[in-house]
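Below is one structure, written out as structure tokens, with a few remarks after it.
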Amino acid sequence: LERFVRKPVVVKDGEECRLDFDRPKSIGKVRSYTGPFGVFVRSYAYMRMYGPRLREMSATAVLNAKRNSQLQSYRANSNVVTGWIWSARLDSRVCFACILLNGTIHPLTEEFQKSHFNCRCAPIPRTTSWADLGFDGIPDARPTVEKGLDWFNRQSDDVQRSIVGPAKHEALKSGDLDPQKLLGVH
């Protein structure tokens, strides 16, 4: 492996040492290295630009990567996974867009949308039924997810108002705003 050593190399020539640059099979020249200084500068710039939101951005990026890998796993198992169901964490902190998407069924060809900051939604696999797999007589135990709008309509006015804000809440209650048209969900 000596012929592949980076150049120059120090060689002893009699009583003297010299640098040998004549190494045609060498993997290359040794370059100067200043350490991870550039990484530190970029990190500092991000911290100054985004401050406390950097943690949310990082968490959202990790969740998006996780959801993408889940979808790849679903696609790799398309013999038993037929699609995915949008599942939101339905509580007073959920955004209205996620409420409208909750319980919607999507094909494996559709990507999970990139999340907003602090999104707590997740795709749930939609599997083939036992009967479709040739096992008759086994009850269908596939998960069902409540439509988000059904959940929203069961909430108190105070909870609804805290989620969508007073103006949108009033427009929803009066019928001036059709929630299904906000995202094109039917």
Side-chain angles (χ1 to χ4, degrees), residues 43 46-47 50-186:
S43 298
Y46 284 134
M47 286 187 279
Y50 299 112
R53 299 222 12 134
L54 190 58
R55 179 179 296 243
E56 295 170 2
M57 291 169 60
S58 300
T60 302
V62 169
L63 285 173
N64 282 334
K66 174 191 170 281
R67 292 172 185 135
N68 185 48
S69 68
Q70 281 179 294
L71 187 55
Q72 296 307 317
S73 175
Y74 299 165
R75 288 175 178 157
N77 293 286
S78 60
N79 57 329
V80 291
V81 179
T82 60
W84 56 273
I85 305 168
W86 189 291
S87 175
R89 174 72 188 260
L90 298 176
D91 60 17
S92 61
R93 292 178 38 213
V94 68
C95 77
F96 198 57
C98 293
I99 289 172
L100 292 176
L101 288 168
N102 191 68
T104 56
I105 298 173
H106 304 265
L108 290 176
T109 55
E110 186 177 331
E111 298 291 329
F112 194 84
Q113 295 175 5
K114 296 292 184 205
S115 301
H116 56 78
F117 290 146
N118 293 327
C119 182
R120 298 173 295 150
C121 295
I124 297 174
R126 175 84 174 141
T127 57
T128 305
S129 70
W130 288 111
D132 289 342
L133 291 172
F135 298 98
D136 294 326
I138 299 175
D140 190 359
R142 293 179 293 174
T144 57
V145 179
E146 178 181 24
K147 295 289 184 192
L149 201 53
D150 294 341
W151 174 85
F152 182 79
N153 289 331
R154 287 190 292 103
Q155 303 308 303
S156 69
D157 281 344
D158 289 338
V159 170
Q160 290 180 7
R161 198 175 293 107
S162 73
I163 292 171
V164 298
K168 196 178 287 181
H169 179 259
E170 189 58 40
L172 287 167
K173 284 294 184 185
S174 68
D176 292 337
L177 178 61
D178 179 5
Q180 297 294 351
K181 291 184 180 177
L182 290 176
L183 290 176
V185 176
H186 303 286

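Below, all heavy atoms of this structure are taken into account, side chains as well, without hydrogens, waters or symmetry copies. All values derive from a computational prediction rather than experimental measurement. Residue indices begin at 1 and follow the sequence shown.
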How many angstroms lie between [atom1] in [X] and [atom2] in [Y], if you round to the nearest 0.5 Å?
X    : Y    : atom1 : atom2 : answer
L90  : F152 : CG    : CZ    : 11.0 Å
R142 : I124 : CZ    : CD1   : 13.5 Å
L133 : I138 : CG    : CD1   : 9.0 Å
N153 : K147 : CG    : NZ    : 13.5 Å
L149 : L101 : CG    : CG    : 11.5 Å
C121 : N102 : SG    : CG    : 7.0 Å

State, to 0.1 Å, how close [X] and [Y] come at their nearest heavy-atom pair, and which atoms those are.
X    : Y    : result
V81  : T128 : N-OG1, 4.4 Å
C98  : H116 : SG-NE2, 3.3 Å
F112 : L71  : N-CD2, 3.9 Å
P139 : W130 : O-CD1, 3.7 Å
P179 : L177 : CD-O, 3.3 Å
H169 : D157 : NE2-OD1, 3.6 Å

inquiry  = Could you go through E56 and R53, starting from their C-alpha distance and side-chain angles, then the distance that decides it, and tell me whether this counts as salt bridge (charged side-chain N to carboxylate O under 4.0 Å, His left out)?
reply    = CA-CA 5 Å; E56 295 170 2; R53 299 222 12 134; 3.5 Å; yes
query = Taking side chain as C-beta onward, heavy atoms only, is K66 less than 4.5 Å from V62?
reply = no
query = With a 4.5 Å heavy-atom cut-off, do E110 and P107 have their side chains touching?
reply = yes
inquiry  = Could you check whether any side-chain N or O of S58 sits under 3.5 Å from a backbone N or O of L54, counting only pairs where one atom can act as donor and the other as acceptor?
reply    = yes
ask   = Is there a donor-acceptor pair closer than 3.5 Å between any side-chain N or O of Q160 and the backbone N or O of Q155?
value = yes
note = Residues at least two apart in sequence or cross-chain that pass side-chain contact (heavy atoms from CB on, under 4.5 Å) with I105, listed by chain then number, are I85, R126
ask   = Quick check: are there more than 12 heavy atoms from other residues, nucleotides or ligands sitting under 6.0 Å from CZ of R154?
value = yes
task = Test I99 against W151 for side chain to side chain contact (heavy atoms under 4.5 Å, CB included), laying out the working first.
result = CA-CA 8 Å; I99 289 172; W151 174 85; 3.9 Å; yes
inquiry  = Test: side chain to side chain donor-acceptor pair (under 3.5 Å). Region: residues 75-92. Which pairs qualify, not counting sequence neighbours?
reply    = R75-E111, D91-R120
Residues forming a salt bridge (charged side-chain N to carboxylate O under 4.0 Å, His left out) with D158, sequence neighbours excluded = R161
